[in-house]
2 protein chains.
Amino acid sequence: MDGLDEGILRALVADARATFAEIGAEVGLSAPAVKRRVDRLVATGAVRGFTAVVDPAALGWGTEAYVEVRCEGPVSPRELRRRLVGIPEVVEAVTVTGRADALLHLLARDVQHLERALERVRDELDVAATESVIVLSRLLDRARPGHAGGD
Amino acid sequence: MDGLDEGILRALVADARATFAEIGAEVGLSAPAVKRRVDRLVATGAVRGFTAVVDPAALGWGTEAYVEVRCEGPVSPRELRRRLVGIPEVVEAVTVTGRADALLHLLARDVQHLERALERVRDELDVAATESVIVLSRLLDRARPGHAGGD
DNA sequence: GTTGAAAGTCGCTAAAT
DNA sequence: ATTTAGCGACTTTCAAC
């Protein structure tokens, strides 16, 4: 990991489908040299993969919420994960410090759909309490280029 | 947007560097047909872009937090955004319903670094109160393939 | 260890059907 | 939407640093 790798990462985050020659032009390397470094970044795990940034709103999923969940009794992260994978509206889930056990990020078509998804979360996890906030606007999203107001 | 487009989106989210022929094999289309549909998905905004999923931990950014922020007096989302862009540790920011004005997602090298970033947030936003939780483990991350425990 | 150059292969893209 | 064909990019090999 040196400055060249950082430049390559910047280029790949900005556009994962950039050609090796294009990336090379940005960082001052030939295409084969870039490929070798990209292969290494993937092999070492610095790059986990390449993905498309899909606009949920364009697919009619315009409602977004973050939900803190506190469960009845102790729950293992593994078990938590197992129960949440089956709920497609849960797009992100982390365990956290503090009063809550987990913080969930939900995506839904509308508020009714969100409510149904939350019911399903409560069913799956036997939840003691939840605290939800609905997203009004997305200001920033550095992990997903173009996904928020003019990054 | 039909079933074929959905299949193409699935393939691109799974691997943004997949060739059109590979995607075509998955959804049952020829490479040129896939290219036309991908071009249309990008043009209509359903696909906002393509990005690399970088593992922050592999770069030494192992500390992650979510922070609810309540500001003194009313603040416009635009102004909020302007002030947060300058803080690189803030990787995500949304405005939300409820007591808080904004929910921030922060990435830092360690807890000390996180504390400094939080001080900077407080300086930039004249904050009335913050409520932070530190991420213990990431269970699920559907937007970033391979970024959480065995998606 | 690294890089850059060349050659062969493969994928991309524009046409015609 | 597919097939074809021409072009550009990728990937391997090799020589040089």
Undergrad: If the threshold is 4.0 Å, N to carboxylate O, is there a salt bridge linking Glu26(A) and Arg10(A)?
TA: no

Undergrad: What integer distance in Å separates Asp39(A):CG from dT13(D):P?
TA: 13 Å

Undergrad: With no hydrogens and no angle check, is any side-chain donor or acceptor of Arg99(B) less than 3.5 Å from a backbone partner on Arg70(B)?
TA: no

Undergrad: Under 4.0 Å from any atom of DNA chain C, heavy atoms only: list the residues of residues 17-30 of chain A that qualify, in numerical order.
TA: Leu29(A), Ser30(A)

Undergrad: Supply the atom-to-atom distance Ile8(A) CD1 to Arg37(A) CZ, rounded to the nearest 0.5 angstrom.
TA: 5.5 Å

Undergrad: Using only side-chain N and O atoms of Lys35(A), determine if any of them is under 4.0 Å from OP1 or OP2 of dT11(D).
TA: yes

Undergrad: dA1(D), OP1 or OP2 - any side-chain N/O from Arg37(B) closer than 4.0 Å?
TA: yes

Undergrad: Could you measure the distance from the CG atom of Leu125(B) to the SG atom of Cys71(B)? Nearest 0.5 Å is fine.
TA: 5.0 Å

Undergrad: To the closest 0.5 Å, what do you measure between OH (Tyr66(A)) and NE2 (His105(B))?
TA: 8.5 Å

Undergrad: Taking atom P of dG1(C) as reference, at what distance in whole Å does atom CG of Asp2(A) sit?
TA: 16 Å

Undergrad: Between Arg144(A) and Ala143(B), what is the shortest heavy-atom contact and its length?
TA: NH1-CB, 3.3 Å

Undergrad: Can you list every salt bridge (Lys or Arg N to Asp or Glu O under 4.0 Å) pair that touches residues 109-125 of chain A, not counting sequence neighbours?
TA: none

Undergrad: Of the nucleotides dA14(C), dG4(C), dA1(D), which one has an atom closest to the side chain of Arg36(A)?
TA: dG4(C)

Undergrad: Compute the angle between the rotation axes at the two ends of the helix from dG1(C)-dC17(D) to dT17(C)-dA1(D), each taken over five pairs, rounded to 10 degrees.
TA: 30°

Undergrad: Are there over 12 heavy-atom neighbours, none belonging to Arg40(B), within less than 6.0 Å of that residue's CZ?
TA: yes

